[in-house]
Amino acid sequence: MNYPDYHTHVARCGHASGTAADMVAAARAANLAGIGISDHLPLLPRPDADVTMRPGELEAYVAEVLALKESHPGFVLLGIEADYFRAGAGEIERLLQSHPFDYVIGSVHYLDSWGFDNSKNVAGFEERDIDEIYRCYYELLGDAAESGLFTIIGHLDLVKKWGHRSRTGLAAELDRLMARLRRTQVLVEINTAGLRKPVKEIYPQLDLLRRARAAGLGITFGSDAHQPEEVGWEFAAAGKLAREAGFSSHAVLRPAAGPGRAAIAYEAL
Ligand code: ZN
Ligand code: FE
Ligand code: FE
Ligand code: ZN
């Protein structure tokens, strides 16, 4: 319940409030086991100042979080949430390699240049077949995992955010996705932000989580907080869902002593 929160944003991205220090203070106040700051990496299929920090801000972001990591040893981690898009994989890798991130969340918020999770673009759901949307989305998530760039795959069924459900359930596509995730040993997150969105449901939903469990994947917890009040949001419900899906442990990230990504350990739920 006081799981570390590995998915949090700061005001730099243009659609959140609070500094990294505010987020850390909120995590302390909520008695969480730790916090990772994971603001949006400034690289998108279609650049948008309301969606990520500006490229020139990345250095200051890294320095700000590293200072907190130093003053809160063992409590704060430097993360980032990166949008995965095929054409940008090389550039994403370059940006990730030139900074000492403890972990990276790989997320898909765009199908080609359609930012489907942005409220400005919801009409796009009426212009496409919903199962085709889900199919493209899952395919891209599998590509993201196989890119090897990411520690965690973010919000596995984000496409449902506005309440659009697959017509057929897409069991074969989900089997394929889980097999791909399993081969890469990427972690998946239980992200409580969905509870604050029209879908009113945690990402991913129970049946996907059961599949993740059957595939032997590890889980982390993330609130996707965009303001300090949301840090650790509904983690009791997240833990309950994890147990319901058959999990008995969750992954925790232990920062490496030298350069390189954090090591993964497991703790009882
Ligand atoms: Zn955001
Ligand atoms: Fe996201
Ligand atoms: Fe996020
Ligand atoms: Zn997110």
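Worth knowing before you read on, the calculation uses all heavy atoms, side chains too, and leaves out hydrogens, waters and symmetry mates. What you see is a predicted model; the values in this text were computed from it and never measured. Counting starts at 1 for both ligands and their atoms, following the listed order.
For H40, the nearest N, O or S atom to the Zn ion (ligand 1) falls under 2.8 Å. Among the atoms of H40, none of the N, O or S atoms falls under 2.8 Å from the Fe ion (ligand 2). With a cut-off of 2.8 Å, the Fe ion (ligand 3) has an N, O or S atom of H7 in range. Taking backbone and side-chain atoms together, H15 has an N/O/S atom less than 2.8 Å away from the Zn ion (ligand 1). The Fe ion (ligand 3) has an N, O or S atom of H9 closer than 2.8 Å.
When the Fe ion (ligand 3) is compared with the N/O/S atoms of D224, atom OD1 turns out nearest. Closest N/O/S atom of E81 to the Fe ion (ligand 3): OE1. Closest approach between the Zn ion (ligand 1) and any N/O/S atom of H226 involves NE2. H155 contributes NE2 as its N, O or S atom closest to the Fe ion (ligand 2). Counting just the N/O/S atoms of H109, the one with the shortest distance to the Fe ion (ligand 2) is named NE2.
Taking the six-membered ring where tryptophan is involved, the planes of H164 and F125 are essentially parallel, since the angle between them stays under 30° and well short of 60°.
Residue V122 is not grouped with residue V51 when hydrophobic side chains (ILVMFWY) are merged at heavy-atom distances under 4.5 angstrom, including chains of intermediate members. I264 and V188 are assigned to two separate hydrophobic clusters, defined by single-linkage of ILVMFWY side chains at heavy-atom distances under 4.5 Å.
Within 6.0 Å of atom CZ in R28, more than 12 heavy atoms from other residues, nucleotides or ligands are found, so the atom counts as buried in its surroundings.
A donor-acceptor contact closer than 3.5 angstrom links the side chains of E81 and S107.
Note that R46 lies outside the cation-pi zone of W114, set by a 6.0 Å cut-off to the ring centre and a 45° limit from the axis.
Of the possible donor and acceptor atoms, none in the side chain of D5 sits under 3.5 Å from a partner among the backbone N and O of L32.
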